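Scroll down for the structure; my scribbles are underneath it.
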Amino acid sequence: KHAAKIRLDNVKQGQDRDKDKSDRATAELVLDQRTRMILLQMINRGLVSEIHGAISTGKEANVYGAVLYPDNPDADEPIQRAIKIYKTAILVFKDRERYIAGEHRFKAGSDKGNNRKMVKLWAEKEFRNLRRLHAAGIACPEPLMLKLHVLVMEFLGDKRGYAYPRLRDARLAGDDVDDQWHHLYVQLLGIMRRLYQVCNLVHADLSEYNILYHDKQLYIIDVSQSVEHDHPHSLEFLRMDIKNVGDFFRRQGVDTLQDRTIFNFITA
Ligand code: ATP
Ligand code: MN
């Protein structure tokens, strides 16, 4: 139960291969023993070599940047990765029960009494949903490994470890910005349809906060709460997603379609 304060930044495989790294601000991670063990295991298994500071600290999870140094550091570039660690000390998971309850995939686990189990389930759900998206060719972080409440995935960002901005923070440039917004809107409707038709999923928390943007491409993230069609509230969640998306793109000046039209387009 005692929280261990560790600097995983200093846990490296072999030599300090990149002097720049030591200049980087070293983020202190406050993690419990169990999480620490999982991270060390992931380092030992060669999924990551180094874990850096938090990209995001949220209510339910923190996301950390990480780097994997290739076997041949002279020939290959380091690979950036992202690690999402779900928080196990939880009250916020309470209102998430309604997503899990009614999901046939997770019936066995909807045990309200057990936080750790709930969080594990939540991470598992994200991992499996990401796999579905990835298999369907929807741009998203490729899920790489899951252990309890710790998920390693592809890093969406540049080679220096800067994450792509959320759509909320994206700054489009050029003399055709209106056109670009229109195209992103159309792109997103296509993604929502594919998510529904091919993955059998409704995102259920879709907004400009859970979409990353880079180079005219939208990336879908944060799918732990996504549900299948047969979830009793799936269509309600879909309507909410459609509304959020419409509101955002209207604020960018896009001439959006009616929510009903989009609903039919996605589900037909
Ligand atoms: P919060 O409680 O803050 O909403 P969350 O549980 O919603 O956290 P995510 O939305 O999955 O977590 O991720 C939080 C942030 O971390 C994202 O907005 C994004 O900036 C960053 N992020 C998540 N996954 C990745 C990734 N694979 N690559 C780069 N950045 C990422
Ligand atoms: Mn999010």
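Both counts, for ligands and for their atoms, begin at 1 and track the order of listing. As the structure is a computational prediction, the values presented were derived from the model and not from experiment.
Looking at Leu188, Asp255, Leu189 one by one, the single match for side chain to side chain contact (heavy atoms under 4.5 Å, CB included) with Phe249 turns out to be Leu188. Only one option out of Lys120, Arg116, Glu126 pairs with Tyr86 in a side chain to side chain donor-acceptor pair (under 3.5 Å); it is Glu126.
Less than 4.0 angstrom separates some heavy atom of Met153 from each of these atoms of ligand 1: 24 (N), 27 (N). Heavy-atom proximity to Phe155, at under 4.0 Å, picks out these atoms of ligand 1: 28 (N), 29 (C). Residue Pro141 has at least one heavy-atom neighbour below 4.0 Å for each of these atoms of ligand 1: 27 (N). Close approach of ligand 1 to Val63 (heavy-atom distance below 4.0 Å) involves ligand atoms 13 (O), 14 (C), 16 (O), 22 (N), 23 (C). The atoms of ligand 1 that sit less than 4.0 Å from any heavy atom of Lys59 are 2 (O). In summary, the atoms of ligand 1 found under 4.0 Å from a heavy atom of Arg166, numbered by their order in the structure, are 18 (O). Ligand-side atoms of ligand 1 in range of Ala163: 29 (C), 30 (N), range being under 4.0 angstrom from any heavy atom. Of all atoms in ligand 1, numbered sequentially from 1 with element shown, those under 4.0 Å from a heavy atom of Glu60 are 2 (O).
Checked against a 3.5 angstrom limit, the closest N/O atoms of Glu154 and ligand 1 fall inside it. For ligand 1, the polar-atom distance check finds an N/O of Asp222 within less than 3.5 Å of one of the ligand's N/O atoms. At least one N/O-N/O distance between Lys84 and ligand 1 falls below 3.5 Å.
To the nearest 0.5 Å, atom NZ of residue Lys243 and atom OG of residue Ser207 are 11.5 Å apart.
Taken together through direct or relayed side-chain contacts under 4.5 Å among Ile, Leu, Val, Met, Phe, Trp and Tyr, Tyr213 and Met153 form part of one hydrophobic cluster. Residues Ile266 and Ile220 fall within the same hydrophobic cluster, defined by Ile, Leu, Val, Met, Phe, Trp and Tyr side chains chained together at heavy-atom separations under 4.5 Å.
If you look at Asn210 next to ligand 1, the close heavy atoms, those under 4.0 Å, all belong to the side chain. Heavy atoms from both the backbone and the side chain of Leu156 come within less than 4.0 Å of ligand 1.
Within the 4.5 Å cutoff, the side chain of Ile85 has heavy atoms near those of the Leu39 side chain. With a 4.5 Å cut-off on side-chain heavy atoms, Asn115 and Thr88 do not count as touching.
Asp222 contributes OD2 as its N, O or S atom closest to the Mn ion (ligand 2).
The closest heavy-atom contact to atom 14 (C) of ligand 1, among the options Ala61, Ser56, Gly157, Gly161, comes from Ser56.
The Mn ion (ligand 2) has no N, O or S atom of Asp205 under 2.8 Å away, backbone or side chain. At a cut-off of 2.8 Å, Asn210 coordinates the Mn ion (ligand 2) through an N, O or S atom.
Judged by distance alone, with hydrogens and angles left aside, the side-chain atoms of Asn72 form no donor-acceptor pair with the main-chain N or O of Asp76 at under 3.5 Å.
Between the side chains of Tyr209 and Arg168, at least one donor N or O sits under 3.5 Å from an acceptor N or O.
Taking the six-membered ring for Trp and thresholds of 30 and 60 degrees, His231 and Phe237 have ring planes inclined between 30 and 60 degrees apart.
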CA sep, side-chain torsions, deciding dist, call: Asp158, Arg160, salt bridge (Lys or Arg N to Asp or Glu O under 4.0 Å): CA-CA 5 Å; Asp158 69 16; Arg160 293 179 306 162; 3.8 Å; yes
